[in-house]
Amino acid sequence: MRFLESPLSASRIGIVVPMAISKKAVIRNRIKRLISAVIKELDYSKKYFDIIITASPPIVGKSVREIKSEFEKVIKTIYGQVKNEKLNP
(Lines give C-alpha, C1' and ligand atoms only; values in the text may rest on other atoms or scores of the structure.)
Protein backbone atom coordinates (compact mmCIF):
# COMPACT_ATOMS: atom_id res chain seq x y z
CA MET A 1 0.00 0.00 0.00
CA ARG A 2 1.27 3.43 -0.92
CA PHE A 3 -0.18 6.72 0.28
CA LEU A 4 0.27 10.47 0.22
CA GLU A 5 -1.66 13.21 1.92
CA SER A 6 -4.09 14.68 -0.57
CA PRO A 7 -4.38 18.42 -1.15
CA LEU A 8 -8.00 17.82 -2.15
CA SER A 9 -10.96 17.70 0.20
CA ALA A 10 -11.57 14.03 -0.50
CA SER A 11 -9.61 10.81 -0.48
CA ARG A 12 -8.84 9.00 -3.72
CA ILE A 13 -8.26 5.26 -3.68
CA GLY A 14 -6.97 2.96 -6.40
CA ILE A 15 -7.18 -0.83 -6.09
CA VAL A 16 -4.82 -3.08 -8.05
CA VAL A 17 -5.27 -6.84 -8.20
CA PRO A 18 -2.52 -8.31 -10.39
CA MET A 19 -2.88 -11.36 -12.61
CA ALA A 20 -0.43 -13.15 -10.32
CA ILE A 21 -3.33 -13.60 -7.91
CA SER A 22 -5.58 -15.19 -10.52
CA LYS A 23 -5.76 -15.32 -14.28
CA LYS A 24 -9.56 -15.15 -14.02
CA ALA A 25 -11.04 -11.65 -14.14
CA VAL A 26 -14.05 -12.84 -12.11
CA ILE A 27 -11.85 -13.64 -9.10
CA ARG A 28 -9.81 -10.44 -9.43
CA ASN A 29 -12.98 -8.33 -9.65
CA ARG A 30 -14.47 -10.09 -6.62
CA ILE A 31 -11.36 -9.20 -4.62
CA LYS A 32 -11.66 -5.58 -5.77
CA ARG A 33 -15.30 -5.51 -4.66
CA LEU A 34 -14.39 -6.97 -1.25
CA ILE A 35 -11.68 -4.36 -0.74
CA SER A 36 -14.05 -1.58 -1.85
CA ALA A 37 -16.71 -2.76 0.61
CA VAL A 38 -14.20 -2.78 3.46
CA ILE A 39 -12.96 0.72 2.59
CA LYS A 40 -16.51 2.09 2.56
CA GLU A 41 -17.10 0.69 6.06
CA LEU A 42 -13.96 2.21 7.56
CA ASP A 43 -13.97 5.77 8.87
CA TYR A 44 -10.77 7.48 7.88
CA SER A 45 -12.27 10.90 7.18
CA LYS A 46 -9.96 12.70 9.64
CA LYS A 47 -7.43 13.33 6.89
CA TYR A 48 -7.54 12.95 3.15
CA PHE A 49 -5.15 10.65 1.32
CA ASP A 50 -4.37 9.39 -2.13
CA ILE A 51 -4.01 5.65 -1.61
CA ILE A 52 -2.99 2.83 -3.94
CA ILE A 53 -3.81 -0.65 -2.65
CA THR A 54 -2.07 -3.58 -4.31
CA ALA A 55 -3.49 -6.96 -3.34
CA SER A 56 -1.16 -9.91 -2.75
CA PRO A 57 -1.89 -13.64 -3.23
CA PRO A 58 -2.69 -14.39 0.46
CA ILE A 59 -5.92 -12.37 0.08
CA VAL A 60 -7.54 -15.19 -1.90
CA GLY A 61 -10.02 -17.04 0.29
CA LYS A 62 -10.06 -14.48 3.12
CA SER A 63 -13.35 -13.31 4.55
CA VAL A 64 -14.52 -9.71 4.69
CA ARG A 65 -13.84 -9.68 8.46
CA GLU A 66 -10.22 -10.75 7.95
CA ILE A 67 -9.68 -8.15 5.23
CA LYS A 68 -11.32 -5.46 7.37
CA SER A 69 -9.12 -6.21 10.39
CA GLU A 70 -6.00 -5.99 8.20
CA PHE A 71 -7.10 -2.66 6.73
CA GLU A 72 -7.87 -1.25 10.16
CA LYS A 73 -4.29 -2.03 11.20
CA VAL A 74 -2.92 -0.42 8.04
CA ILE A 75 -5.06 2.72 8.40
CA LYS A 76 -3.91 3.13 12.02
CA THR A 77 -0.31 2.75 10.85
CA ILE A 78 -0.81 5.40 8.16
CA TYR A 79 -2.25 7.88 10.66
CA GLY A 80 0.61 7.11 13.04
CA GLN A 81 3.22 7.74 10.33
CA VAL A 82 1.59 11.00 9.31
CA LYS A 83 1.52 12.20 12.93
CA ASN A 84 5.19 11.24 13.42
CA GLU A 85 6.23 13.01 10.21
CA LYS A 86 4.44 16.18 11.31
CA LEU A 87 6.11 16.04 14.74
CA ASN A 88 9.59 15.19 13.37
CA PRO A 89 10.03 17.02 10.05
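Just so you know, these numbers use all the heavy atoms, side chains as well, and skip hydrogens, waters and symmetry mates. Quick note: residue numbers are just sequence positions, from 1.
Across all non-hydrogen atoms, the minimal contact from Ile31 to Ala55 is CG2-CB, 4.4 Å. The two residues Ile15 and Ser36 come nearest to each other via the heavy atoms CD1-OG, 3.3 Å. Val38 and Lys68 make their closest contact through CG1-CA, 3.6 Å (heavy atoms, listed as atom of the first residue, atom of the second, distance). The heavy-atom pair separating Lys32 from Val17 by the smallest distance is CG-CG2, 3.5 Å. Among all heavy-atom pairs drawn from Lys62 and Leu34, the shortest one is O-CD1, 4.5 Å.
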Quiz prompt | Verdict with reasoning, Ile13 to Ile52, per side chain to side chain contact (heavy atoms under 4.5 Å, CB included) | solution = CA-CA 6 Å; Ile13 299 173; Ile52 299 174; over 6 Å; no
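Counting only heavy atoms from C-beta outward, the side chains of Ile59 and Ile35 approach each other to under 4.5 Å.
In terms of the salt bridge (Lys or Arg N to Asp or Glu O under 4.0 Å) criterion, Arg30 has no residue partners (sequence neighbours excluded). Scored by the salt bridge (Lys or Arg N to Asp or Glu O under 4.0 Å) test, Lys23 finds no partners at all (sequence neighbours excluded).
Glu66 places a side-chain N or O within donor-acceptor distance of the main-chain N or O of Ser63, the cut-off being under 3.5 Å. Side chain of Arg28 to main chain of Ser22: a donor-acceptor pair is present (N/O by atom type, distance under 3.5 Å, no hydrogens or angles).
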